[in-house]
Amino acid sequence: MAEKSERYDHKSVESRWQAEWEKAGAFRTTGAAGGKYYVLEMFPYPSGKIHMGHVRNYSIGDVVARFLMMNGRSVLHPMGWDAFGLPAENAAIQHGIHPAKWTYENIDNMRGQLKRMGLSYDWGREVATCSPEYYRWNQWLFLKLFEKELAYKRRSSVNWCPECSTVLANEQVEDGRCWRCGTLVETRELEQWFFRITAYAEELLDHTYKLPGWPERVLVMQRNWIGKSVGAEADFRVEGSDESIRIFTTRPDTLFGVTFMSLAAGHPLLEKITAPERKEEVESFSARAKAEAKRMAVSPDEVEKEGVFTGAYCLNPLTGDRVPVYAANFVLMEYGTGAVMAVPAHDQRDFEFARKYGLPVKAVINPPGQALDPEKMDAAYVEPGVMVNSGPVNGIKSEEAKEAITRLLEEKKAGEKAVTYRLRDWGISRQRYWGCPIPIIYCEKCGAVPVPYDQLPVILPEDVSLTGKGLSPLASSEAFVNAACPSCGGVARRETDTMDTFVDSSWYFLRYVSPKESELPFREDEARYWMPVDQYIGGIEHAVMHLLYARFFTKALRDLGLHGFDEPFRNLLTQGMVCKEITRCQEHGYLYPEEAAGGVCKFCSKPVATGAVEKMSKSKKNVIDPDGIIGRYGADTTRLFTLFAAPPEKDLDWNEDGVEGSYRFLGRVWRLATENVELLKETIPLEPGLKIEGSARELYAATHRTIRKVTQDIEERFHFNTAISSIMELVNALYQFQTELDGKEPHSIEARVFREAVEAVILLLAPFAPHISEELWERLGNQEPVYRTGWPRWSEGAVKEDEVEIPVQVNGKVRARVRIPAGAAEEEARSLVMQDDKIAELTSGKAVRKFVYVKDKIVNMVVA
RNA sequence: GCGAGAGUGGCGGAAUCGGCAGACGCGCCAGACUUAGGAUCUGGUGGGCAACCAUGGGGGUUCAACUCCCCCCUCUCGCACCA
């Protein structure tokens, strides 16, 4: 029956179906009846071409989207461009191309690449954040936040990246380096716009406990970043002065054990209270500490903890004890109040400091059943215990003393309960060109005046000279800078900084719900229908930055009355990295594989090291270009491999042989269908009530088991690798079964079961490899395309088996396999098992001490 | 140091609720077809000659442990002078 057929030509199949989908508007968002589902992948920066990380990210999203579409859901699956950013500007500086031209050309190219991947986006909703139609709403939202005082301007010390020549937000500094280029960050004093994300610190933290669909590690990272500490603040009056030093502590229970005070190098009181004879010493120490601050942030362990006595004393608000005030290099001005009460007996760092400078140690908490002797301690005691030397709270537990002492402070009006966060407000000013202009005008008379709503958007001018040096390129455009004050009409200047591009991506998921709306950033009714995003998919690198900003925006926009939900993303999938083996020469570092032919370095002929698998990156010379792979094997194979080689959240090892394997599999599916196409086209579908027996019955059951497995793997676990492997198993079974089809008529049960199985394979494969599925589906004579065909359903009756083969263990070791009726009761199973020759032999003359039977699963008997 | 996750054949990985460890794929071996094979099809493939031994190591619970409990090791990621 099998006949020779044309070869699987992925090129023609894929381009044909991409054109068909486009022509038919196949993936336009519809209000299907099956309930809404918003699946979103993080939109890319249009750097020029997609990389394997994108391929993986978007393949995962496309499986979800196509699966749900086939299940009749109303699916929103949009794509767009995070299109403002530095690389465009750098390209302009280096190659003289205007950032807009560079960006839009890149977008065109990358859109083409995504289309060649066959992704089911509704391109009618495409957004690009660099278009005025988009960024006018950035400006609109900025003004709304400004009105609510959630956007404000202040002069402060900020992170400055000299390489990028711009300011960075705290979230964008990693280990003291720029997140983008890795350059060590400097500090500068600048006037900057901030978003008051700290106003939402508590809610942002609180809701991390209400996001069960997020990976725990992302939530933990966000909690760490927010860094809430609960404790108390207290005032220590400075002896002989009107000033007092306000401290924050998480250990108010140790307040009676304070023996000195530490101030940060930049603490404003330092200058006022330092004794004249110590001024010089303190000042030089402070200068040194400030200079060292950067190193401190990068590697705190390498910097010696030091301090210098100011000559001043302050008074413990509860005991009246007089304690010396030190300036210390480890106290951070940015955290708490910039002053720390030092309790050497119960804080390790204070302990070391006290020992170093010969300061007293006073124990106020004893371990249960012990008494601390400060003379003999060699480390601070930081655990809870029983209060001593603490006046009114002596004898109570230290955990209870926290509250008791805080109350004492409150009674004395010398302090109160306090909460501190590590989270800082989000600095959004950027001294670069290719970003969204901040809609503010400065007037000498009226100050910072918002641009009126009806004058939005403030258009980014084109005639700007880009050098990469100095401040804000926009300042060089006279036409842009000069403006009339909206308030008094007088001469005024526009703000020349642009917004952090993370602002653009903090609400783009909302624009997708109303991409063409011209009165508002999005329509409330459409947001109510589509939001929150049901499944968000992207890389872990945005665990804090983008995902925290987007959560903040969602809450702020809610409080502006623009929508009514609390969190933007119900479920979050952080996909693993795409990795590949590297080649490395001891002397010449990373090499391209072709530079190490024969296992030796092309430059020095020394043997190279291979085997280590690392994240694909240009610098490691282990990148695979998706275009090459898609050209050679096709989009279907590329998608299939990235989904098959590892579960989505794990790292993926790129392996060309594995790609070959996926290609072979699709070839097998192709031949299975095309070589039997005549028979398959003539065969009529199965109908209920047919009696199916023998190997046909087995294939029938296998088909339905596969449908069940693939369905459950996709919808319950996102385990696409096991879903694909079970399709492969069914294909293997079909190849076996094929030999029985010889001479069978199209109306035979065998042919009909075969047809059902082949069709199931094609439909189950469609979310993973959509082009080949459409092509084969059509060749089998189906009128409706796959994307309009329902997802196959399994029948419980088909899946159920009459007999099962179960392993029989004797003393824990499998000794036989026995066929028993499915669902057999223990007595029946036992009698069948004991009749087995092997088992009878092993148990003869011995007592069966225990007989364990797990229905349809296993028998284990203990024999002695 | 704290927190999260991981450790299974030559490799990627599977085992969903404590029930046959190694599905599926790669690689490798053999055979078939073929002028040819880097195409395709079929079969084999954890180790050991075997009894048996095997899921990072050691204990434990259980009829039964990759899975649960205790101790330890290694790796990845995050946090870390945060008062």
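Reminder, nothing fancy here: chain letters follow the sequence lines and each chain counts from 1. Atoms considered below: every heavy atom in the structure, side chains included; atoms not considered: hydrogens, waters and symmetry mates.
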Within 6.0 Å of NZ in A:Lys356, more than 12 heavy atoms from elsewhere: yes
Mapping A:Gly661 and A:Gly338 onto RNA chain B by nearest heavy atom, which one lands closer to the 5' end? A:Gly661
Can you measure A:Glu334 atom CD to B:A83 atom C1' for me and round it to whole angstrom units? 13 Å
Counting Watson-Crick and G-U wobble pairs only, both distances under 3.5 Å, name the nucleotide matched with B:A39, or none. none
Figure out the CG/P separation between A:Leu640 and B:C26, and round it to whole Å. 11 Å
Taking the same atom, P, in B:A15 and in B:G1, what whole-Å distance lies between them? 34 Å
Indicate yes or no: does A:Glu675 engage A:Arg668 in a salt bridge with an N to O separation below 4.0 Å. no
Counting primed atoms plus P, OP1 and OP2 as sugar-phosphate and everything else as base, spell out the protein contacts along nucleotides 31-37 of chain B at 4.0 Å heavy-atom distance: B, S or - for each nucleotide, 5' to 3'. -------
Per-nucleotide protein contact along nucleotides 14-19 of chain B, 5' to 3', at a 4.0 Å heavy-atom cut-off (B base, S sugar-phosphate only, - neither), is SSB--B
Whole Å only: how far is the CZ atom of A:Arg217 from the P atom of B:G78? 9 Å
Identify the nucleotide, in any strand shown, that forms a Watson-Crick or G-U wobble pair with B:C26, with both distances under 3.5 Å; if there is none, say none. B:G10
What integer distance in Å separates A:Phe851:CZ from B:C63:C1'? 11 Å
Just the rounded figure in Å: distance from P of B:G12 to CD of A:Glu581. 11 Å
Any-strand Watson-Crick or G-U partner of B:A4, both distances under 3.5 Å: B:U76
With rounding to the closest Å, how many angstrom separate the C1' atoms on B:A50 and B:C33? 39 Å
With C1' as the reference atom in both, quote the distance from B:C29 to B:G9 in angstrom, rounded to an integer. 16 Å
In whole angstroms, how far is the C1' atom of B:C77 from the CD1 atom of A:Ile540? 8 Å
Pick out the pairs of N or O atoms, protein on one side and nucleotides 45-53 of chain B on the other, that lie under 3.5 Å.
unit_1: B:C52; atom_1: OP1; unit_2: A:Arg815; atom_2: NH2; d: 3.4

Sticking with atom P, work out how far B:C17 lies from B:G27, rounded to a whole angstrom. 33 Å
Could you work out the separation of B:A14 and B:C26 based on their C1' atoms and round it to a whole Å? 15 Å
Work out how far the C1' atom of B:U55 is from that of B:G22, and round it to whole angstrom. 9 Å
